[in-house]
Peer 1: 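Supplied in structure tokens, the structure appears directly below.
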Number of protein chains: 2
Amino acid sequence: MSAPRRGRRPGAPDTRAAILAAAREGFAASGFSRTSVRSVAATAGVDAALVHHYFGTKDDLFVAALALRVDPREALLPVVEGGLDGAGERLLRVFVSVWDDEETRLPLLALVRGIAEPSGQQLLRDGVMRVVLGPVGEALGLDEAPRRLSLVASQLVGIVVVRYLLAVEPLASMTHDDLVATYAPVLQGYLGGPLPG
Amino acid sequence: MSAPRRGRRPGAPDTRAAILAAAREGFAASGFSRTSVRSVAATAGVDAALVHHYFGTKDDLFVAALALRVDPREALLPVVEGGLDGAGERLLRVFVSVWDDEETRLPLLALVRGIAEPSGQQLLRDGVMRVVLGPVGEALGLDEAPRRLSLVASQLVGIVVVRYLLAVEPLASMTHDDLVATYAPVLQGYLGGPLPG
DNA sequence: GTCTATAAATCGATAGAC
DNA sequence: GTCTATCGATTTATAGAC
């Protein structure tokens, strides 16, 4: 048994928050690849090693900077594990489960609303393509992955805007099952179907 | 009885056009909320009250600003005239011709950037569903028109955001023909294919 | 002019001292 | 909790061969 702790905890000052703020600023301004861990550390006034100490890898830092309640990489595991067959449907199931949960939807909507400004656009691009779809395409071993994934993105982003942001009926009220049944063949075609050209 | 009017008419010189140009410039550069009626008036070199006199509310001004080159009902005629068969492809051809023309794209992008705020959302909803897709569904005599049209909207809006706003590659650089070939079957399915439920 | 080889700089990440 | 030192990989730039 440990004695009840008194006074100031060993915990961090505001260093962690400073790093997070610096990361958000950097990622928003310059995008993921052009924002180095070192530059984040410099902005926060700390050493680069501290960034890793608090947040792990650079990917982890980015996810933390987005302030999401779910770790996309974890949520997308079931999508990837089943292989290409039925990946469209599984992707949609994860998609609606995340977006229909208010706890996760609200931070994501905040991200989407940043679409008006260049920094928000950069964040969205990296968030959607790099953190969410990129790993999926890699794990599925897609051919022409960038092309296919940008098609998938175009449909998913459209659903986000029309269903969750603009709340256009009747799409906004469609059940999970109907939504999955409607879009699964389309996404499956984008992921694995023939491509023109 | 009023005496016959003499001298200079109350009518406008080119003031109306000047206001419209100023509005277009402001909305395209800064979006709806950050473009004040006062700033539009100032750019046009007139009084703010004149803006309201010519165009009514700020929303009206916005709509007028983006209704410049193309009349949606006119542009969509070829889509509607051919009937349901091939309507997806014809809709896409009109879509890309409008969005790949900078003259029409810039004001439309200003509209899209308004999705961050409720007023902009309302304008976008009306713009997409009532002005563009609504008449199409009506003329084609679609069954379950609202449902089908919200599906079509979800894909078109997604293309707008990913290709024209975020400029995600390779979708952003895809040729007209490839884009049409890719999305036409999907839109055709939304318009005329089977629906779950 | 084009391609290859190599040098220099930068980056992500880890281990260990204080 | 914080920093120094450092490894291994990637990228960028330069030089030289053909």
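Just so we're on the same page: letters track the sequence lines, and every chain starts at 1.
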Peer 1: What nucleotide, of D:dT2, C:dA15, C:dA13, holds the atom closest to the side chain of A:Arg38?
Peer 2: C:dA13
Peer 1: Between D:dG8 atom C1' and A:His52 atom NE2, what is the distance in whole Å?
Peer 2: 14 Å
Peer 1: Within the structure, does a side-chain N or O atom of A:Thr15 lie under 4.0 Å from either OP1 or OP2 of D:dG1?
Peer 2: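 So the side chain of A:Thr15 is outside the cut-off, no N or O lying under 4.0 Å from OP1 or OP2 of D:dG1.
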Peer 1: Given 3.5 Å as the limit, does a donor-acceptor pair link the side chain of A:Thr43 with the main chain of A:Ala22, or not?
Peer 2: no
Peer 1: Tell me: CG of A:Asp47 to P of C:dA15, nearest whole Å?
Peer 2: 16 Å
Peer 1: Atom CG of A:Leu61 and atom P of C:dA13: how far apart are they, to the nearest Å?
Peer 2: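 Rounding to the nearest Å, CG of A:Leu61 and P of C:dA13 are 10 Å apart.
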Peer 1: Any sub-3.5 Å donor-acceptor pair from A:Ser150's side-chain atoms to A:Arg147's backbone N or O?
Peer 2: yes
Peer 1: Compare side-chain N and O positions of A:His53 against OP1 and OP2 of D:dG1 and report whether any pair is under 4.0 Å apart.
Peer 2: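 Yes, because at least one side-chain N or O of A:His53 sits under 4.0 Å from OP1 or OP2 of D:dG1.
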Peer 1: Rounded to whole Å, how long is the line connecting atom NZ of A:Lys58 with atom P of D:dT10?
Peer 2: 14 Å
Peer 1: Find the distance A:Phe62:CZ to C:dG12:P and express it as a whole number of Å.
Peer 2: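 Whole-Å distance recorded here is 14 Å.
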Peer 1: Can you sort out the partners of A:Arg90 under salt bridge (Lys or Arg N to Asp or Glu O under 4.0 Å), two or more places apart, ordered by chain and number?
Peer 2: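 Salt bridge (Lys or Arg N to Asp or Glu O under 4.0 Å) check on A:Arg90 returns nothing, list empty.
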Peer 1: So, B:Arg16 side chain and B:Phe55 main chain: donor-acceptor pair closer than 3.5 Å or not?
Peer 2: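 Not a single qualifying donor-acceptor pair exists.
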Peer 1: Rounded off to whole Å, could you give me the CG-to-C1' distance for the A:Leu50 and D:dT4 pair?
Peer 2: 12 Å
Peer 1: How many whole angstroms separate atom CD1 of A:Ile19 from atom C1' of D:dT2?
Peer 2: 10 Å
